[in-house]
Amino acid sequence: MSLIELKVPDIGGHENVDVIAVEIKAGDTVNVDDTLVTLETDKATMDVPATAAGVVKEVKVAVGGKISEGGVIAVIEAAAGAPAAAPSEKTEQAAPVQAAAPAPQAAAFSGSSDAEYDVVVLGGGPGGYSAAFAAADAGLKTAIVEQYATLGGVCLNVGCIPSKALLHNAAVIDEVRHLAANGIKYPEPEIDIDQLRAYKEKVIGKLTGGLAGMAKARKVDIIRGRGEFVSANHIRVALTESSQYEQANETGEHQTIAFKNAVIAVGSRVVNLPFIPQDPRIVDSTGALELRQNGGRLPEKMLIIGGGIIGLEMGTVYSTLGTRLDVVEMMDGLMQGADRDLVKVWEKMNAHRFDNIMTNTKTVAVEAKSDGIYVSFEGEKAPQEPQRYDMVLVAAGRAPNGKLCGADKAGVAVSERGFIEVDKQQRTNVPHIYAIGDVVGQPMLAHKAVHEGHVAAENCAGHKAYFDARVIPGVAYTDPEVAWVGVTEEIAKRDNIKINKAVFPWAASGRAIANGRDEGFTKLIFDAETGRIIGGGMVGTHAGDMIGEICLAIEMGCDAEDIGKTIHPHPTLGESIGMAAEVALGVCTDLPPQRKR
Ligand code: FAD
């Protein structure tokens with residue numbers, strides 16, 4: 001009998017990732033590529049496929065558990081003809097963590113090139129353009145290869161920026177509605193969706209146009225086309241033309257570019273769930289941003305599949321514009337990653353938007369009928385009957401594009417899932433080829449991509465730069481906003497980190513009360529041994545704008561005294577950070593008397 005351990009492959013170095021679904025049980029027969037489990041980090045879910053076929057003898061994980069790269073998911077008895085694995089104990093000792101994806105042999109290239117650069121950046125998203133601009137600023141001859149019409153990637157074109165343009169309008173509408181309680185009454189707004197869409201496009205255009213101008217000013221060449229490595233020093237570009245993001249028609253022309261250094265910044269794409277049919281009423285985040293109307297109206301009833309940040313932000317927009325929401329999430333709560341006390345405040349304030357919040361529940365079937373999309377669920381909160389929706393938003397995570405750019409031809413190792421492993425200098429296994437942004441792993445966030453891009457560029461210029469950020473903040477730009485950074489209470493509990501926590505309720509903040517929005521709070525988390533701040537969270541209006549101060553405090557190794565004795569302007573919401581530090585010191589005079597620590 002040959003037993004094989006099926007392990008978590010390269011998931012970008014992430015540790016203790018949530019297991020949100022287990023698709024196998026003892027006795028099941030699995031084939032190669034069958035999904036074993038679904039894992040979730042703060043912004044993406046990923047299915048882990050079987051790398052060998054056989055009969056499941058033991059499942060080592062459970063829903064709600066945690067697992068890291070290299071962790072054993074299940075032990076199977078190999079199907080006849082399958083390669084035998086070493087016995088489990090030996091395998092554990094020899095490889096506690098799965099080694100990097102195997103490095104392929106770079107292809108040889110003997111053709112001529114049309115141009116030569118010090119640095120070629122493949123992909124013009126926030127990571128890519130930041131790397132390219134920094135490389136050019138360092139005096140390097142630089143080009144960006146981007147398949148779509150504009151720079152800015154997902155973030156500027158179909159992600160961070162358009163979603164915030166819509167969220168801003170939704171927030172103003174909601175705020176105006178709240179004013180009625182203060183005696184200021186407006187009639188219900190008349191919403192011209194075409195104009196709203198045009199506003200969003202204008203915002204995108206302003207930013208992407210600005211990037212084009214800045215590229216020109218830096219003499220960064222933009223090569224419009226789909227690039228693929230053909231060797232460790234050449235990229236072949238199939239030139240494209242199009243006027244829209246996410247559309248690229250190949251012109252039939254090609255260019256070959258030689259490079260001394262390359263930066264792979266190809267980003268990620270939406271994860272499509274295999275059982276979901278093609279139908280214009282079923283959209284991903286890009287489709288949701290289009291504010292599609294049916295019969296001149298936005299959907300009356302929408303299902304969001306996936307209770308993460310992207311789905312909830314889009315849900316906020318639609319709900320404010322009049323759509324009723326349901327959300328289905330396989331985990332036991334929405335907005336995973338943030339501490340539950342923060343999320344609870346958001347939940348209370350947003351309960352009115354939802355008819356049904358289905359946690360611990362999964363979508364099992366989706367059928368497109370003429371009168372709507374019918375969806376069946378399984379799990380704790382699953383309705384008995386299929387539910388009818390006018391629109392379904394699939395926001396179940398994003399997958400990296402590492403396998404779609406010929407990286408193997410350059411000798412760059414790409415994991416099964418499409419992630420590219422890098423060291424702290426953003427170098428891949430091929431030392432003059434770097435990788436940054438969503439393609440190198442979680443969290444898939446623009447600010448991480450930008451910082452990694454700067455590190456890669458500095459290294460291309462011969463400096464020694466490292467990505468050694470202590471923390472990367474996460475923000476849900478919902479209403480109220482939820483922001484967190486560093487060690488959360490959940491992480492502290494899981495990792496047995498002794499902490500001291502201090503909370504300042506916004507119910508005691510003059511500014512929050514004056515704004516009529518005092519539901520939030522600010523929480524700081526200090527290492528109990530060193531007294532230094534190691535984490536923090538905020539829920540409330542503009543929390544995302546303020547979390548940066550906590551990030552800085554963590555980077556600077558501040559303790560409560562540093563923060564509490566820093567004079568914050570009054571009356572501001574940001575003041576709540578100083579006051580939370582005073583709470584930690586037991587000296588906050590804006591709250592009832594406290595026990596001194
Ligand atoms: P991308 O932005 O994905 O850019 C990669 C670029 O490479 C693309 O333009 C693509 O066309 C190009 N490309 C890929 N392959 C090739 C090839 N072979 N040849 C040529 N070009 C190629 N993050 C935040 O930090 N804050 C937010 O508020 C936020 N909101 C979001 C909202 C939504 C709806 C979505 C979908 C995402 C959001 N994100 C947010 C995530 C953020 O957009 C990504 O983390 C960020 O864009 C990643 O940047 P990147 O440079 O790695 O890649």
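When a ligand or atom number is given, it counts from 1 through the structure's own listing order.
We find that Arg324 and Asp390 are not joined by a salt bridge, their nearest charged nitrogen and carboxylate oxygen being 4.0 Å or further apart. Between Arg218 and Asp137 there is a salt bridge, since a side-chain N of the basic residue sits under 4.0 Å from a carboxylate O of the acidic one. Salt bridge status for Arg353 with Asp174: present, with a side-chain N to carboxylate O gap under 4.0 Å. The pair Glu116-Lys141 does not meet the salt-bridge criterion, since no charged nitrogen lies less than 4.0 angstrom from a carboxylate oxygen. A salt bridge links Glu519 to Arg517: at least one charged side-chain nitrogen sits closer than 4.0 Å to a carboxylate oxygen.
For ligand 1, the atoms lying closer than 4.0 Å to a non-hydrogen atom of His447 are 25 (O). Using a 4.0 Å cut-off to heavy atoms of Tyr477, the atoms of ligand 1 that qualify are 28 (O). Taking a cut-off of under 4.0 Å to the non-hydrogen atoms of Ile310, the atoms of ligand 1 that pass are 33 (C), 34 (C), 35 (C), 36 (C), 37 (C). Those atoms of ligand 1 with a heavy atom of Gly125 less than 4.0 angstrom away are 2 (O), 4 (O), 6 (C), 51 (O). Taking every heavy atom of Ala265 and a limit of under 4.0 angstrom, the matching atoms of ligand 1 come to 5 (C), 6 (C), 7 (O). Against a heavy-atom cut-off of under 4.0 Å, Val145 is close to the following atoms of ligand 1: 20 (C), 21 (N). Heavy-atom proximity to Gly127, at under 4.0 Å, picks out these atoms of ligand 1: 51 (O). Within ligand 1, the atoms closer than 4.0 Å to a non-hydrogen atom of Gly437 are 52 (O), numbered from 1 in the order shown.
Close N/O approach between Tyr148 and ligand 1 is not found [any backbone or side-chain N/O within under 3.5 Å]. Inclusion of Gly227 in the set of residues having an N or O under 3.5 Å from an N or O of ligand 1 is warranted. Looking at ligand 1, you won't find any N or O of Glu313 less than 3.5 Å from one of its N or O atoms. Looking at Gln147 next to ligand 1, an N or O pair under 3.5 Å apart turns up. Residue contacts with ligand 1: Cys405 is placed with no nitrogen or oxygen under 3.5 Å of a nitrogen or oxygen of the ligand (distance criterion only). Where the criterion is an N or O separation shorter than 3.5 Å, residue side chain and backbone included, Val154 meets it with respect to ligand 1. Ligand 1 has no N or O atom lying under 3.5 Å from any N or O atom of Ile436, backbone or side chain. Backbone and side-chain nitrogen or oxygen atoms of Leu445 are examined, and one is located within less than 3.5 angstrom of a nitrogen or oxygen of ligand 1. When only interatomic distances are considered, the shortest N/O to N/O separation between Asp438 and ligand 1 falls below 3.5 Å.
Within the 4.0 Å heavy-atom shell around ligand 1 one finds Arg398. Residue contacts with ligand 1: Tyr129 is excluded, as none of its non-hydrogen atoms falls under 4.0 Å. Taking a 4.0 Å cut-off on heavy atoms, Lys164 registers as neighbouring ligand 1. Residue Pro443 places every heavy atom at 4.0 Å or more from ligand 1.
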Report task. Applying side-chain hydrogen bond (donor to acceptor under 3.5 Å, both in side chains), run through Asn249 and Ser242 and close with a yes or a no. Result -> CA-CA 6 Å; Asn249 310 318; Ser242 70; 5.9 Å; no
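Here the closest heavy-atom approach between residue Pro162 and residue Ile204 is recorded as CB-CD1, 3.8 Å. Annotation for Gly537 and Ile547: closest pair CA-CD1, 4.4 Å, computed over non-hydrogen atoms. A pairwise comparison of heavy atoms in Ala265 and Ile436 identifies CB-CG1, 3.7 Å as the closest pair.
Ring-plane geometry between Phe259 and His432 is classed as tilted, the angle between the planes lying from 30 to 60 degrees on a 0 to 90 degree scale.
In this structure, Lys424 forms no cation-pi arrangement with Tyr466, as its terminal cationic atom is not both closer than 6.0 Å to the ring centre and no more than 45° off the ring axis.
Remark: among candidates Cys160, Gly474, Gly159, the nearest residue to atom 42 (C) of ligand 1 is Cys160, based on non-hydrogen atoms. Between atom 53 (O) of ligand 1 and the options Gly453, Ala131, Gly267, Ala407, the minimum heavy-atom separation is to Gly267. Scanning Asn157, Val266, Thr286, Ile309 for the heavy atom closest to atom 15 (N) of ligand 1 points to Val266.
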Which donor-acceptor pairs under 3.5 Å do the side chains of residues 444-452 make with protein atoms, sequence neighbours left out?
from   : atom 1 : to     : atom 2 : distance (Å)
His447 : NE2    : Pro473 : O      : 2.9
Lys448 : NZ     : Gly437 : O      : 3.2
Lys448 : NZ     : Gly441 : O      : 2.8
Lys448 : NZ     : Glu452 : OE2    : 3.3
Glu452 : OE1    : Gly437 : N      : 2.6

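Asn294 places a side-chain heavy atom less than 4.5 Å from the side chain of Arg281. At least one side-chain heavy atom of Leu312 sits under 4.5 Å from a side-chain heavy atom of Trp346.
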